[in-house]
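For reference, the structure is listed below as structure tokens.
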Number of protein chains: 6
Amino acid sequence: MEHVREISEKIANMEIRGAGKIARSAADALGKYAAKLEAKSREDFIKKLEEAGNILINSRPTAVSLPNAVRFIIHRAKISKGDVEEVRKVAIKASREFIEKSEKAVEKIGEIGAKRIGDGDTLLTHCNSKAALSVIRHAWNQGKNIKVFATESRPRYQGHITVRELSGLGIPTTLIVDSAVRTFIRKVDKVIVGADSIAANGAVVNKIGTSQIALAAHESRVLFFVAAETYKFHPKTLIGELVKIEERPPNEVANPEDFPGVEIRNPAFDVTPPEYVDLIITEIGVFPPQAAFHIIREQFGWIIGK
Amino acid sequence: MEHVREISEKIANMEIRGAGKIARSAADALGKYAAKLEAKSREDFIKKLEEAGNILINSRPTAVSLPNAVRFIIHRAKISKGDVEEVRKVAIKASREFIEKSEKAVEKIGEIGAKRIGDGDTLLTHCNSKAALSVIRHAWNQGKNIKVFATESRPRYQGHITVRELSGLGIPTTLIVDSAVRTFIRKVDKVIVGADSIAANGAVVNKIGTSQIALAAHESRVLFFVAAETYKFHPKTLIGELVKIEERPPNEVANPEDFPGVEIRNPAFDVTPPEYVDLIITEIGVFPPQAAFHIIREQFGWIIGK
Amino acid sequence: MEHVREISEKIANMEIRGAGKIARSAADALGKYAAKLEAKSREDFIKKLEEAGNILINSRPTAVSLPNAVRFIIHRAKISKGDVEEVRKVAIKASREFIEKSEKAVEKIGEIGAKRIGDGDTLLTHCNSKAALSVIRHAWNQGKNIKVFATESRPRYQGHITVRELSGLGIPTTLIVDSAVRTFIRKVDKVIVGADSIAANGAVVNKIGTSQIALAAHESRVLFFVAAETYKFHPKTLIGELVKIEERPPNEVANPEDFPGVEIRNPAFDVTPPEYVDLIITEIGVFPPQAAFHIIREQFGWIIGK
Amino acid sequence: MEHVREISEKIANMEIRGAGKIARSAADALGKYAAKLEAKSREDFIKKLEEAGNILINSRPTAVSLPNAVRFIIHRAKISKGDVEEVRKVAIKASREFIEKSEKAVEKIGEIGAKRIGDGDTLLTHCNSKAALSVIRHAWNQGKNIKVFATESRPRYQGHITVRELSGLGIPTTLIVDSAVRTFIRKVDKVIVGADSIAANGAVVNKIGTSQIALAAHESRVLFFVAAETYKFHPKTLIGELVKIEERPPNEVANPEDFPGVEIRNPAFDVTPPEYVDLIITEIGVFPPQAAFHIIREQFGWIIGK
Amino acid sequence: MEHVREISEKIANMEIRGAGKIARSAADALGKYAAKLEAKSREDFIKKLEEAGNILINSRPTAVSLPNAVRFIIHRAKISKGDVEEVRKVAIKASREFIEKSEKAVEKIGEIGAKRIGDGDTLLTHCNSKAALSVIRHAWNQGKNIKVFATESRPRYQGHITVRELSGLGIPTTLIVDSAVRTFIRKVDKVIVGADSIAANGAVVNKIGTSQIALAAHESRVLFFVAAETYKFHPKTLIGELVKIEERPPNEVANPEDFPGVEIRNPAFDVTPPEYVDLIITEIGVFPPQAAFHIIREQFGWIIGK
Amino acid sequence: MEHVREISEKIANMEIRGAGKIARSAADALGKYAAKLEAKSREDFIKKLEEAGNILINSRPTAVSLPNAVRFIIHRAKISKGDVEEVRKVAIKASREFIEKSEKAVEKIGEIGAKRIGDGDTLLTHCNSKAALSVIRHAWNQGKNIKVFATESRPRYQGHITVRELSGLGIPTTLIVDSAVRTFIRKVDKVIVGADSIAANGAVVNKIGTSQIALAAHESRVLFFVAAETYKFHPKTLIGELVKIEERPPNEVANPEDFPGVEIRNPAFDVTPPEYVDLIITEIGVFPPQAAFHIIREQFGWIIGK
């Protein structure tokens, strides 16, 4: 249990960061806990596992990947058959499986998504998404002749990292301000972005500005793809919960002291409605956004009412 | 003629800047030229006036206000009746009339446009338009309880000037990044922006990002108003000419040296199609964008084929 | 002047009612005033005529037809040439012309509009518009085999009058509730409604519910026609003025005493945006809604800035 | 069997009314029948249970909840394993489960749906739906500061019941006529309505006028939620069957004798296409409308071709 | 008068064909008639001229160019001042002016329209329009690097003529079937087509299939241009008249004998609504479609009510 | 194995043609192979079956029905339990089941789809789809009074076959050119077409022109149905693969020798996006297009990542 608490603290104080890392650390901690857990019965085992899981989940209540990792393990434990030792094996195996899958997911998304990129395509991306860049990189490595527009992604300029990564690979890359998207979109064949979270109805929560790009793509009949690991799907949206949109400090936008009396608003994310999303590319395949509810149920054993 | 040449040079080397100033300086120079111009006949007078006008026009070929100022004077001269002295009077009067009208236009736009702002309205503006801010200021001065969202307007942050002006007047003002418009637009009652140029079919050329805002406003059934002096209407679009979109230096967006191998594109303006514009507010009244061709003909005597 | 005041009072206390009647009474009063008016000069004559006109206009500030009638006469007087007697004649003639035109307008609209109705067409109308019904009646009298859906038009059930009128003529007529429009609209070829007022940008102010019907028609690619006398065009919208939407007593909707604590809202009109209007049928021809600014200027001599 | 017949008759002659009550009575009758049913074998048991089920279903062929209740029980019986006594237990348990679930569904929908209502939200509802009102009530009871617009819902004025219920709870409530929805919709954050039936492709059958509201909400980017118990999903639509739209007596709209020669049409429901529905809120979670086929299959064991 | 009758007959029996030729022949005949016409007074002259004009107009009631030619001359005669000889001169001059203008119009349209074609543009055209091809040819002759997609234009394959013309000029040309437009439209920058007739509200009557292309262009935010001589504008639409859509013989589509019992429909034209048209290119400049009513009034003196 | 190779060759050289026939021949060959296959173990059996399956699949890599048939059998074999003889039985049974299902699918689609056709409906179809015509035929045979518009379907005129079939049944049928669809679509109640392939996100690949019809139907709120056997769903699209669009010889469009220098493009299919598809009618029921991923997984055992 100590290891579980330790990891929880590190997640809480942000020593462990990034959706993927957080999830894998929690899965690892829960697996190790299961390995040594003493229990009187199968039921007792599961109960204790859930207690440990809750500690981990509560260490960072807004990160979607965290409860998904915990739930992945506990769900498999619960639906297993047999005694304590049997359940233990299942839990340990599930822990390893989650970690491996998570590590491979970005690569897998790249492999799957690259099939949708044509030779000669011009792409556009926003912010700095590992999954989206994996798709672009795989397409490029397959010898496809592609070009990429990347937005600067105010206020934190993550687009600067993106253009460096892409041009570092040799991909012809163009940097534009966020508000120039509609000007260039007709030259674009496909938009590809990542996701911070995907809701049960297929709405995509991602970096502020994403929904405006989706709207402009839709207006010009440009395909809009979202690349996302399955643990980005938000299970609790299935029971109505809203994804909270983090509002970050105003000084990311401008120094408030320079603008006395002016309110500065800085929402970090926005919500792209499913009707503007053509495809979600995950490590287990591509889906229409309306399949989100199904993936959540299948992957995370989230059976409501139980 | 010397004064005309001098002013032309100052316009060319950007000593004289700003759509309004350029236009008024040219009108003044042409008026002064007319005052002293020696001519054998009415025809001779007009011919010489046109020569001087062309020198002024060519000093800055992309500024719409400049040919409009020149044409305003010469058109009135041409349709006048009578001898040299009669035409001279008309030209001088037209010169003064243009200058006065131009100076009063921003105020007049404010008066007219403010009637369309309701008590309790939330507005959104982009970049830093004198005409748009005049509308907002007039509405505020009439005691209307309004709030304003202003974008930062990358890459040159003209939105910073806007929020200082507005909050300096006491108006509750909120600064947001350009890509947050779609997030806040449902709280907005009316968008109001300026224009650099308006084409014969009602398309509005304005600061990059304007057309994305218009699109987002349209998606949410938010009214979209353009405030523009009539000399922003582009006469030559009536005979098919395209408004050139200036592309400015990349270093306004990012230091190219920091991004070797990355192309940086920096178009300064974009084009908002007439179907996303609800109203154009000018100093001579409000119009649907489709009335642009009519205003051009009426105001600038531009009768094609003659 | 006494007659002018008398008529003004009758308009104010609603002894004289209805857009057409109000306008004709005012025109008549002004014409009679002009006939006997003593003036020192042309200028003096016009000044006095304007004073009388203002008295009439102020008797009912929200009725569009009233200032249009007054302006029709005074504008013609002003642009006339010659001395007092000449202006007098013009004013008297204009008075008679307005009255005659107004009387004939509904018939003329019927003649013009009926050309747009095809044999076998199914129409839909809302509320009870004389102009719209004139179009339907003319089409029927020409032997066209038409059918009409009419809404009941809550809260005042003017649709009941409409269905009685139409079925009284022998036209196959179907009465439906307002909210059944979208269910039946695909069976409809053309919607035809009247207007209380038309703004400079082509927006149509008409009976509450009209804009919902226009939206449903647009969704199903059904043509949407507005039949309106030219004096329904609202000149002051050209200088930015908003058409005021009258909110009528709640008891037209429900007895407030039966619903303690419940707010009852009863706006009498709504605004249909020009993009949902295919054609405006007037007594001087058919126009796209975007021509409204032009008709206003041409018909009512409303030249702003002068 | 006698009890089954008795209940069937009461359903047929409308002694038992309301989607929920009908379904629960049938489930209860079938459970009681199963408890006493004598059967030679498992197969025989199921066959007799199906006969009884069919009698119940045929008592009111158009009510969706009725076959859903019967199928819920029989499906569970069929997929159970073991002998007659085992199947009997399953059938009895399923009967109780259905009744309980049905009773709790409205509450559960309220709990789940209230999570989607934000503090400060303005809502709009149509007709009088228990499920929709449960969502509103739960949100209010959580202390959320909400306001509600309710339509009168011609021709039967069910909106009057709604506003009484809501204002009785202390919720600020505004009553409007059906055709005023587009006027007020921009002030609304979310529309929430019930459903009479939901088809396999996500189309929502509900009170006449619902689809017009959905259209107006879509035009203004206002979220449109449908609250519905899962037994409102229509299984037979999965094999192509159309939901029949009941047309009710004309005198609900107007007294036909007052309108001789006028046809009065009174469809009770309309169909809202899935593209205008953002979310369906059920007692088992929230879904995009396109998930309807999946819920039907999962909940009612309706496997076509078998 | 004999010459007038002769020409009328040739138009009636289609010896004289083609919108341009018909119009010019009629203008010529009317000019010659005016040259020799004996009249007692100015009024008498105009009356006789109108009689001759009507004979010409009635020779082919559906051709728009014909009444436009006649009206062009008579309108100028009527607004002229002076005696019989003066009017005669005006009529003769107007006759010549119309003929010259008509002949030059296609070239002028090419000059004006070519300004809207960018270097590197891909265009798409439908059917075989002289005006549209003039725009393409001018752009090509200016050294612009353009490519053109042309539809085959069933049922009469006029697209075959178009691709021969274009590839004969050396322009890279691609032939596709009509139903492949949506597949290729995203590669297209601008669509440019001709018009058979343009109505007062800006609706464009052109070769069957045009409106489908306009719809597909609109869906992909591709600009849609119509190139049309001003005499294609249909004056009588201003007073409500509908443009008749000619239905041509079925055997253009397929041999009816090969399809016994099958109805074959062959409408030759369709109607593109103004909201899908970005620009109308005429010999007097470019306009939004909503300016059609204005051009009609200005060019053809069609002042209704007079 | 020899029979497998023989069938593979016949498929490769197109002796066996048509999506249905290909699939059934392959299923039959695989079943016969399974019947005689010698294997050391269950694993060995399945391995050999997969080898044979791959030979069949590779004989025509682009036909969707072929891998679906093979996978149908092998998937059932793999999920079966028991020894070699048990698996053999399962494989043989699956082979027969596939063949039977395939043969019955078109009939079943007709039965299911006909429920969605109303009495009095006007339908429109494109190309020549057995499944779509089955729906129309079933509706007609049920005594429904229907009318059908059919396009000629350039370049191969498959519409000619369609109108002969339909009018042969006595159904009132109208033949039109492909580009006349938008002209007639408002008279149409439902469009019904077939599919060559359906992707995981619900996009429908069908005869060139289909997507234009879907767009026109959507514009006029006309329902758009796709009739397709489940083996038309393309499993590999689930892992990102794109459906290849066959481009056929230019001489189907026009003789290239008659058009020297002209490129002729002839894509055989286009892609209709799911947002324009209201319903997919299969032999196992009707679905929204977004259910495609689900049907693929359920029917063809395609579980990615395994």
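Labels below follow one simple rule: chain letters A, B, ... track the order of the sequence lines, proteins then strands, and each chain is numbered from 1.
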Query raised in the report: Just wondering, more than 12 heavy atoms not from K147(D) lying within 6.0 Å of its NZ?
Result: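 Not buried by this count: 12 neighbours or fewer within 6.0 Å.
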Requested in this report: Please state whether the side chain, the backbone, both or neither of Q290(A) comes within less than 4.5 Å of a heavy atom of chain D.
Outcome: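 Both backbone and side chain.
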Query raised in the report: Considering only heavy atoms from C-beta outward, does the side chain of E275(D) approach that of E275(A) to under 4.5 Å?
Result: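 Counting from C-beta outward, E275(D) and E275(A) never come under 4.5 Å.
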Could you grab the distance from atom [atom1] of [X] to atom [atom2] of [Y], nearest 0.5 Å is fine?
X: F293(A); Y: I280(D); atom1: CZ; atom2: CD1; answer: 10.5 Å
X: R221(D); Y: L215(A); atom1: CZ; atom2: CG; answer: 8.5 Å
X: F287(D); Y: R297(A); atom1: CZ; atom2: CZ; answer: 4.5 Å

Would you name the heavy atoms of [X] and [Y] that are closest together and state the gap between them?
X: A200(A); Y: P288(D); answer: O-CD, 3.7 Å
X: V286(D); Y: G240(A); answer: CG1-CA, 3.8 Å
X: I112(D); Y: I239(A); answer: CG2-O, 3.3 Å

Query - N/O donor-acceptor pair under 3.5 Å between K115(D) side chain and L242(A) backbone - result: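 Looks like no, no N/O pair under 3.5 Å.
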Query raised in the report: chain A heavy atoms under 4.5 Å from I281(D): which part of the residue, side chain, backbone, both or neither?
Result: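 Neither the backbone nor the side chain of I281(D) comes within 4.5 Å of chain A.
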